[in-house]
Amino acid sequence: MNKGVLVVISGFSGAGKGTVIRELLKKYQNYALSVSVTTRDPRPGEIDGKHYFFRTKEEFQELIQKDELVEYAEYVENYYGTPRAYVEEQLEKGKDVILEIEIQGAMKVKEKNPEALFIFVTPPSMEELKRRLIGRGTESMEVINSRLLKAREEAQWMEHYDYLAINDTVEECVECMHQIIQSEHSRMSRNQEFIDKIRKE
Ligand code: 5GP
């Protein structure tokens, strides 16, 4: 059985990545979502172990020291990281593993895992992004403004990703993402065993 595809999804905070990924997982079976560790406080309704593993800075440092994270990054004054064990186990099982992570972390994954698939999610416009961030109603205006400034910075990195997914409607974006990931399974370099077999035959 082929290994799963490691899928790295980034995009501006408020682009709706979370919703799109949630729907993708609901609709299709072969995906596994990596739950990250973070030092930020839970938002209302967020559950430890489901949305994130919420940990102290000291606990986070320990994970770094034990090399238990695939990557980690500091984002708006908090740390975020991807636990290694789950990712490796699911890829081995043939699951496509989704990492929803910011750009610094994504670029670290790219250095170590050049075969991973990189998708960047944006809303159709910056105006729409601002509307969505305000509509979410969970952050202060100060935090929203810092996330908008961050988006301006992040836009510089878009070409480092393989694919663009514009989140206009969730349904379309889910389909777009699913097709991108499924096509990746047909990439020649992922099918060396089959190539060898058919040559022999
Ligand atoms: P939020 O605080 O809005 O949940 O997430 C802030 C940012 O951190 C988002 O861009 C999100 O994709 C990113 N993020 C979440 N988990 C990880 C992780 O494990 N590693 C990295 N590098 N970024 C993450």
Side-chain angles (χ1 to χ4, degrees), residues 4 6-26 31-93 95-113 116 118-123 129-130 132-151 153-154 157 167 170 174 177:
L6 181 58
V7 184
V8 178
I9 299 176
S10 304
F12 310 126
S13 171
K17 287 165 296 189
T19 310
V20 170
I21 293 169
R22 198 170 59 237
E23 293 303 314
L24 180 75
L25 269 97
K26 242 195 245 168
Y31 296 114
L33 179 65
S34 160
V35 177
S36 297
V37 188
T38 184
T39 60
R40 86 151 158 74
D41 292 331
R43 294 193 187 116
E46 282 183 335
I47 298 163
D48 184 48
K50 182 173 179 207
H51 298 95
Y52 282 106
F53 296 105
F54 296 99
R55 295 292 180 266
T56 63
K57 287 210 163 129
E58 291 70 34
E59 287 167 333
F60 198 95
Q61 286 301 333
E62 204 178 314
L63 292 174
I64 298 172
Q65 269 147 29
K66 289 188 181 157
D67 197 29
E68 287 182 19
L69 301 177
V70 175
E71 59 74 40
Y72 67 92
E74 194 179 350
Y75 182 91
V76 199
E77 290 165 28
N78 279 299
Y79 287 98
Y80 295 81
T82 305
R84 183 186 301 287
Y86 179 81
V87 171
E88 290 181 351
E89 174 192 298
Q90 296 297 315
L91 287 175
E92 280 305 322
K93 279 191 190 165
K95 292 265 186 190
D96 296 332
V97 179
I98 312 263
L99 308 187
E100 193 231 298
I101 64 178
E102 55 64 65
I103 296 170
Q104 301 167 60
M107 292 304 110
K108 283 187 218 157
V109 175
K110 198 171 181 178
E111 269 170 38
K112 287 189 212 152
N113 308 73
F118 295 83
I119 304 176
F120 197 95
V121 185
T122 82
L129 181 69
K130 193 170 177 183
R132 288 181 191 176
L133 276 172
I134 293 170
R136 189 148 80 179
T138 50
E139 276 108 350
S140 64
M141 219 38 223
E142 196 190 336
V143 172
I144 289 173
N145 282 330
S146 79
R147 294 203 169 202
L148 283 170
L149 277 176
K150 188 86 185 167
E153 225 177 84
E154 289 176 336
W157 289 86
N167 183 15
V170 172
V174 165
M177 235 178 232

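These numbers come from the heavy atoms of this one structure, side chains and all, not from hydrogens, waters or symmetry mates.
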Check your understanding: Can you check whether Phe12 reaches Lys17 side chain to side chain, under 4.5 Å on heavy atoms?
Key -> no

Check your understanding: Do you know which two heavy atoms are closest between Leu24 and Val174, and how far apart they sit?
Key -> CD1-O, 3.7 Å

Review point. Would you find more than 12 non-hydrogen atoms of other residues, nucleotides or ligands less than 6.0 Å from Lys108 atom NZ?
Key: yes

Practice item. Tell me, please, whether Phe118 has Lys110 positioned over its six-membered ring: NZ or CZ under 6.0 Å from the ring centre and within 45 degrees of its axis? Key: yes

Check your understanding: Does some side-chain heavy atom of Tyr80 sit less than 4.5 Å from a side-chain heavy atom of Ile101?
Key -> no

**Study point:** Atom pair CE/CH2 of Met107 and Trp157 - distance to nearest 0.5 Å
**Key:** 6.5 Å

Check your understanding: What's the shortest heavy-atom distance between Pro123 and Arg132, and which atoms?
Key -> CB-NH1, 3.8 Å

**Study point:** Expected output: side-chain Arg147 to main-chain Gly14 donor-acceptor under 3.5 Å
**Key:** no

Check your understanding: Of the non-hydrogen atoms in Glu100 and Gly18, which two are nearest, and what is the gap between them?
Key -> OE1-CA, 4.1 Å

Exercise for review: Could you check Val20 against Met177 for side chain to side chain contact (heavy atoms under 4.5 Å, CB included), going step by step and ending with a plain yes or no?
Suggested key: CA-CA 9 Å; Val20 170; Met177 235 178 232; 3.8 Å; yes

Check your understanding: Nearest 0.5 Å, what's the CD1-CG distance between Ile144 and Leu149?
Key -> 12.5 Å

Study note, to complete from the structure: Output for pair (Arg22 CZ, Leu33 CG), nearest 0.5 Å, gives 11.0 Å

**Study point:** Verdict with reasoning, Ser10 to Glu102, per side-chain hydrogen bond (donor to acceptor under 3.5 Å, both in side chains)
**Key:** CA-CA 5 Å; Ser10 304; Glu102 55 64 65; over 6 Å; no

Check your understanding: Checking Asp96 side chain against Tyr31 main chain: does a donor-acceptor pair fall under 3.5 Å?
Key -> no

Review point. Given the side-chain rings of Phe60 and Phe53, with only the six-membered ring counted for Trp, is the space between their centroids under 6.0 Å?
Key: no

Check your understanding: Any sub-3.5 Å donor-acceptor pair from Glu59's side-chain atoms to Thr56's backbone N or O?
Key -> yes

Practice item. List the steps, then state whether salt bridge (charged side-chain N to carboxylate O under 4.0 Å, His left out) holds for Glu68 with Arg84. Key: CA-CA 5 Å; Glu68 287 182 19; Arg84 183 186 301 287; over 6 Å; no

Review point. Between Glu46 (side chain) and Arg43 (backbone), is there a donor-acceptor pair under 3.5 Å?
Key: yes

Check your understanding: Ile119 versus Val8: any side-chain heavy-atom pair under 4.5 Å?
Key -> no

Check your understanding: Do Leu148 and Leu133 come within less than 4.5 Å of each other through their side chains, counting heavy atoms only?
Key -> yes

Practice item. To the nearest 0.5 angstrom, please state how far the CD atom of Glu71 sits from the OG atom of Ser36. Key: 7.0 Å

Check your understanding: Any idea which heavy atoms bring Ala32 and Lys95 closest together, and the distance?
Key -> CB-CB, 4.2 Å

Revision key, fill the gap. Ser13 and Tyr75 have their tightest heavy-atom pair at CB-OH, 3.7 Å

Review point. Considering all heavy atoms of both residues, which atom of Val37 and which atom of Arg55 are nearest to each other, and what is their separation?
Key: CG1-CG, 3.5 Å

Check your understanding: Residues in salt bridge (Lys or Arg N to Asp or Glu O under 4.0 Å) with Glu23, at least two apart?
Key -> Lys26

Review point. Mind checking whether Tyr79 and Tyr72 have parallel, tilted or perpendicular rings, split at 30° and 60°?
Key: tilted

Practice item. Could you tell me whether Glu154 and Lys150 make a salt bridge, using a distance below 4.0 angstrom between a side-chain N and a carboxylate O? Key: no

Check your understanding: To the nearest 0.5 Å, how far apart are CG in Leu6 and CD1 in Ile98?
Key -> 9.5 Å

**Study point:** Check: Ala15 main-chain N/O paired with Asn167 side-chain donor or acceptor under 3.5 Å
**Key:** yes

Check your understanding: Do the non-hydrogen side-chain atoms of Ile9 and Leu99 ever get within less than 4.5 Å of each other?
Key -> no

